[in-house]
Amino acid sequence: MVMKKRKRKSIPELTSIFLNGRLIGTHADGKSLATRLRERRRMNELSNQVNIYYNARLNELYILTDKGRVRRPYIVVENGKSRLTTDIMNRIKNNELNWNHLVKLGIIEFLDAQEEENCLIAIKEVEITPDHTHLEVDSSNIFGVVSGVLPYPEYNSSPRITMACAMTKQSLGIYSANFAHRYDTRAYVMYYPQEPMVQTSLYKALRLREKAAGQNCVVALTSYHGYNMADAIIVNRSSIDRGLERVTMFKTYETEERMYPGGQRDKIELPTPEVVGYRGEEAYKHLAEDGIVLPESEVDGKDVLVGKTSPPRFLEEISVFGAVEEKKRESSLSLKSGEKGKVDSVLITEGPSGNRLVKVRIRGIKTPEVGDKLASRHGQKGVIGLVVPQENMPFTASGIVPDLIVNPHAIPSRMTAGHLLETLGGKAGSLGGTLMNGTAFSGNTEDEYRTILKKAGFNEYGEETLYDGLTGRQITTKIFIGVVYYQRLHHLVSNKMHVRSRGPVQLLTHQPTEGRAREGGLRFGEMERDCLIGYGASMLIKERLLEESDKTIQLVCTECGSIATHDYARNRDVCPICDSENVQPVEMSYAFKLLLDEIKSLYIFPRMILKDKG
Amino acid sequence: MTEKDKSKKSNVMIAPFEAVGVVCAQSIGEPGTQMTMRTFHYAGVAEHVPTGLPRLIEIVDAKKEPKKAIIDMHLKSSYARSSTEAEKVAKDIASVFVSDVASVEDDLENLVIAVRFNEKDGKAQGITFHMLKKALETVAPDTKMDEHQNIITLKPSKEKTSAKGEKKKLTAKAVRKLTQKVKDAIVRGVKGISRAVVIKGDNEYFVRAGGFNVLGASIHAGVDANRIYTNNIKEMEKVYGIEAARAAIIKEIHDVMEMQKLSVDIRHIMLIADAMTYSGTVKSIGRHGLSGEKVGVLGRAAFEETIKHLINASATAEEEKLIGVTENIIVGQTVPVGTGKIKLIMKGKKKE
C-alpha cells in the first residue's frame, strides 16, 4: 500500500494532511507546515491541546485534537536554549507567573505520544545541544507513578527497581480514608502508618503521606546468630509490642435469602434443633434472636455468623406418619476454619435481585510474626526470621536498639546502593526532625547527610559501635545503622499456614481433598511416585498411595470375580451377580473399585481372579 | 582379584530388582528439560541438522526419514589420500538431474520435447553432451531423437500399440508426463543422494553425502563399503542389521547429549537402545512402539488411549497378570521392584 501511494504522487511530492486520522488535504511542504503550526500553538493562536506529528518516511502530517491522548508537559527548547530562563524563574519565585502563564507563554507545552516522535528531549539542562527541542520539567519525570515514589532509584540496579515497584503495590497501609464504612471482601489497615523520612517530589505531589503504607524503622546491617540468613529479618519484640508494622485485617462474609422455583425461599433465622444438619447449640452462641451475630462478639473456628435455613431439596418429603412435613435444611454462614477475630459490623441490605442480603465484617489483628513479609523500597524483601526480646538485641552506646536487623549479604550482589543511602538519609533526617529528599537525580547527597551526622555527633558514615545484648560485650566491628522505610506486604503466614495429618476426603474417590480451604493434603504426584520406584522403596509407595489415601476392604466373589456386598438383613456376605456366598475380603484402593465400576459402564465386565498371597 | 577389587566390582554391579528403567528415564529426562530451554534460545539460528531435543525425539520415535539424513562414506586408501581423488568420488555419487544441466521444454502443439543442453552448467558439473544423451536414452527408450547443435528433440511416436493390440493416440497429457520424467532423470550419480562434499578427517579424506541410499552408494569403486555410516537408524537396520542399528542409536543419542555438554552415563543410553532393538526390529518408544506393547491391559490403559485398550482387552477376554509397576499401583499392591520383590523363605531341616 505504501509503495502504491508513493508511485501515484511521485511527480508532485505533496504531504498528506490528516486531522484526527482523516485525510483533509495536501500541502507542498509538510515539515515546514508542522514547525509553523507548532509556532502558532506556542504563540497561543492554536489551542495548546493540539498536537502535530510529521512522519518524514511516509511524508504525512498528523494534526491531533482527539480526546484520550496521554500528554506530558515539557519545557520548550529553542536554538539550544531553554525557554525557561533565569529571568522567568525569578518571576515565578516572586509569584508573578504560574503554571498556566508558562503554558500560555509557550514556555511549557504538552506533547502526546505521536508528537514525541519528532522531538529530542534533554533530561538535564546541561545536556542541551542545538538539536534538542525540549527539556524535561524535572529529570525524575522519566519515572512513572510507582517508580517515581522510590527514593534514590538512580543508585539501584534496574531489576531491583522493578521488584520494588511490584512490592510497593503489595504494601499495607491506609488504602482509603473511609475504610470503616466499606465492606471490601478483604482489606488491611495499618495501625500507625508513617510517611517516609526520605521522600521524593512525586510522593509529595501525589500526597501519598495521606495514604502512607509503611514505617520508618531503625535498621542495623549485621548478622544475628544465623537467624537472618538468606534474606530473613530479625525483629525487636518490644518494637512489635509498641505497634511496629501492626495491621488489622477486615474480611467480609455475606449471605443472601435466595428464592427457589415454587415460591420457596431461604430464611435468615436462628435454626432450631429440628432443622436437618443442626450444628448444635454451641455453634450458634453468638447469634441474636434474628439469627445474625452481635457486633463485637469474639468469633473463631467454625462459629456461625448468620443462621440460615433453606427449603428441602426435594419437595414433599413424606414422613413416617404419612403427612407432608416441611423439613428445613441448615445452610448457615460460618467463619472459615482457622480464622478468628471480632465481628466489626453487620450490614443488612438488599441484594441485586431484591433478596435480603446480610454482610458481616470480621476484624482481626495481624501482629507481625515469624514468616511475615517485609520489604524496603529498594527491592530488598525478606521474611521475619526471628522475633527477639529487646534485651537480647544489640544496642548502641547511646542506648538505641534497632527495630530490624538485616543481613549485610543482601547488599553487594544486588547492588542496591540506594538502600544504604536511604539508611543514611533516614538517620540524618531523624536527628534533625526534617524530611529528606530522595528524588531521582536531584535528591540530597551523601555529603549533605554526612555533615548532618557529623554535626549531631554521630559517625559520618553511619557506622556505630554496638554492644551484644546477650553478653553485654562490645562488638568489635562497627555496624552500619540507620533509618529505613519498611513496608509490610500482604503475604502473611497466618493466611497461608496449612498442615494436615488426618482430614476430609473426597466423596467420589475417598482420596484426601486438595487445597488449604478444604483442609487438604499435598499431592504425592506421578513424578514423586517415580522417584520412589527408582529408589525401590515399594513398601513406602504402598503406604503413600494406599494406606494414607483411599484404602478400602472390598468383598470379592471368588466365583464370578465381581464386587460382593454384605447383606445386613440376613447377615451374610453375598455376590449380587451370581448369588454365591463364596466371598473373600480384598484390600484395594477405592479408586480401583471406582475404575471397575466405570469399566462396567463401558459395557465391559471386569472379573477379579483371586489367589492367596505368596 | 584382590578383596579390594571384589568390593569395587560389587559396588559397580546393579543390585537385584533395581528399577533400572525408571532411573534411566530420569537420568535422560532431567538433562532433557535443560535441553528444551537451551534449544529454545537457539531458535532463529539456521540449523542445518536438527540437534538437541528435536533430534532426540526423532531418534526415540524411530522416524523412517530423519529431517536431514547424512551418510559418511570412508574411501578406499587409493582415493582417501588426495582431495582431488575424493572429490571425484563425491561427484560420482551426488546425483545430477537433467534439469540441472539442460532446459526441458515441451511443445504440446507438435507433441515433442526440446532438451537444450546448457554448456556452462554442464561444465561446472562435469557433464558432457554425450552423457546427457545417454541419460535421455535410458528414460525414454523407444523415442526418436533429433540432434541439432545443443538441442535434442524427443519425438515420441504418434501411436502406441498396447499389449491388447489396441492402438492408442499420443496425448498432450502423456507428453507432459514424459517431460516431467525427463526433467527428473539422473544424468550421473546415485539415486536418493542429493549432495556430497569432501571432508578432511583424521589423516584421510571422506565423503559426506545427504540422502538415503546407502546401498547404492556402497557400490561405487572408491567407497569402502565396510566403513559407511548414516545417522538414519532405519536405514542402518535395513542395510547392516539390528546390532548396527543399536550402535547407531547409542552414538546418535550420545552425540546429541555431548553437543549440549550434558553428561549422561552411556549405560542409560545403552538401555534405551537395547529396549528399542531387543525384539529384532527397531521400535519407537511410545504409543506405537514399546509402551503400546506392554503386557498389562491396565498399564497400557494408564498410558494413552485408555478406552481403546480396555475395549480390545474385553473383546479377547484378556487377563491382567499384574506384572508391571503401574498395574500394581492401580490395584493397590506393593510394586514388584526393589524391596517389593524380596521375600522370606523358611529354611528346611538339613538332610544328613
Side-chain angles (χ1 to χ4, degrees), chain A residues 509-511 524-554 556 560-563 584-614, chain B residues 14-30 32-33 268 271 296-299 301-303 305-346:
Chain A
T509 58
H510 288 198
Q511 285 170 358
F524 190 82
E526 235 174 292
M527 290 170 93
E528 288 76 15
R529 182 208 71 159
D530 288 345
C531 287
L532 290 193
I533 296 170
Y535 188 66
S538 68
M539 304 303 163
L540 184 55
I541 300 174
K542 199 191 160 205
E543 179 172 304
R544 280 290 112 194
L545 267 41
L546 188 74
E547 241 69 55
E548 305 277 72
S549 179
D550 58 349
K551 179 182 168 179
T552 60
I553 307 278
Q554 293 287 330
V556 177
C560 74
S562 56
I563 300 269
Q584 291 292 323
V586 176
E587 173 193 80
M588 63 177 75
S589 73
Y590 191 83
F592 179 59
K593 193 236 154 200
L594 195 70
L595 175 71
L596 294 179
D597 293 341
E598 285 193 19
I599 290 175
K600 277 176 213 154
S601 76
L602 287 172
Y603 242 155
I604 298 170
F605 181 37
R607 295 167 186 271
M608 276 174 278
I609 304 161
L610 299 187
K611 235 190 325 186
D612 274 331
K613 241 185 186 173
Chain B
I14 296 280
F17 311 119
E18 177 88 39
V20 281
V22 172
V23 175
C24 166
Q26 289 181 338
S27 302
I28 292 179
E30 196 278 332
T33 57
H268 295 308
L271 186 69
V297 203
L298 292 179
F303 179 57
E305 300 176 306
T306 313
I307 290 173
K308 186 188 117 186
H309 286 298
L310 290 178
I311 289 179
N312 287 346
S314 78
T316 55
E318 209 172 305
E319 190 178 319
E320 168 69 64
K321 300 262 197 211
L322 298 181
I323 291 166
V325 173
T326 344
E327 293 92 310
N328 279 291
I329 286 182
I330 289 171
V331 294
Q333 287 183 356
T334 48
V335 183
V337 288
T339 51
K341 271 276 194 181
I342 311 294
K343 269 159 201 159
L344 287 179
I345 295 169
M346 184 92 76

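The closest donor-acceptor contact from the side chain of A:S549 to the backbone of A:R544 lies at 3.5 Å or more, if one exists at all. Of the possible donor and acceptor atoms, one in the side chain of B:E320 sits under 3.5 Å from a partner among the backbone N and O of B:V297. With B:S314 contributing its side chain and A:F605 its backbone, the two residues share no donor-acceptor pair below 3.5 Å. Between the side chain of B:Q26 and the backbone N or O of B:V23, no donor-acceptor pair lies under 3.5 Å. Remark: the backbone N or O of B:V22 is not paired with any side-chain donor or acceptor of A:D530 at under 3.5 angstrom.
In this structure, NZ on A:K600 lies 6.0 Å from CD1 on A:I563, to the nearest 0.5 angstrom. Here the OG atom belonging to A:S538 is positioned 11.5 Å from the CD atom belonging to A:E543, to the nearest 0.5 angstrom. To the nearest 0.5 Å, atoms CD (B:E318) and NE2 (B:H309) are separated by 10.0 Å.
Per-residue counts of heavy-atom pairs under 4.5 Å with chain A were compared for B:T334, B:T339, B:I311; the largest is that of B:T339. Contact count versus chain B (heavy atoms, under 4.5 Å) is highest, among A:I604, A:L546, A:L545, for A:I604. Residue with the most contacts toward chain A among B:I330, B:V337, B:L298: B:I330 (heavy-atom pairs, distance under 4.5 Å).
Considering only residues two or more places apart in sequence or on other chains, B:E319 meets the salt bridge (charged side-chain N to carboxylate O under 4.0 Å, His left out) condition with B:K321.
For A:R529, the part lying near chain B is the side chain, with the backbone staying farther off; criterion is any non-hydrogen pair under 4.5 Å. Using a 4.5 Å cut-off between heavy atoms, B:V325 contacts chain A through its side chain alone, with no backbone atom that close. Proximity to chain B (any heavy atom under 4.5 Å) is shown, for A:I533, by both the backbone and the side chain. With a threshold of 4.5 angstrom between heavy atoms, A:I609 approaches chain B through side-chain atoms but not through N, CA, C or O.
Residue-level contacts of residues 591-599 of chain A with chain B, in order of numbering, are A:F592, A:L595, A:I599; threshold 4.5 Å between heavy atoms.
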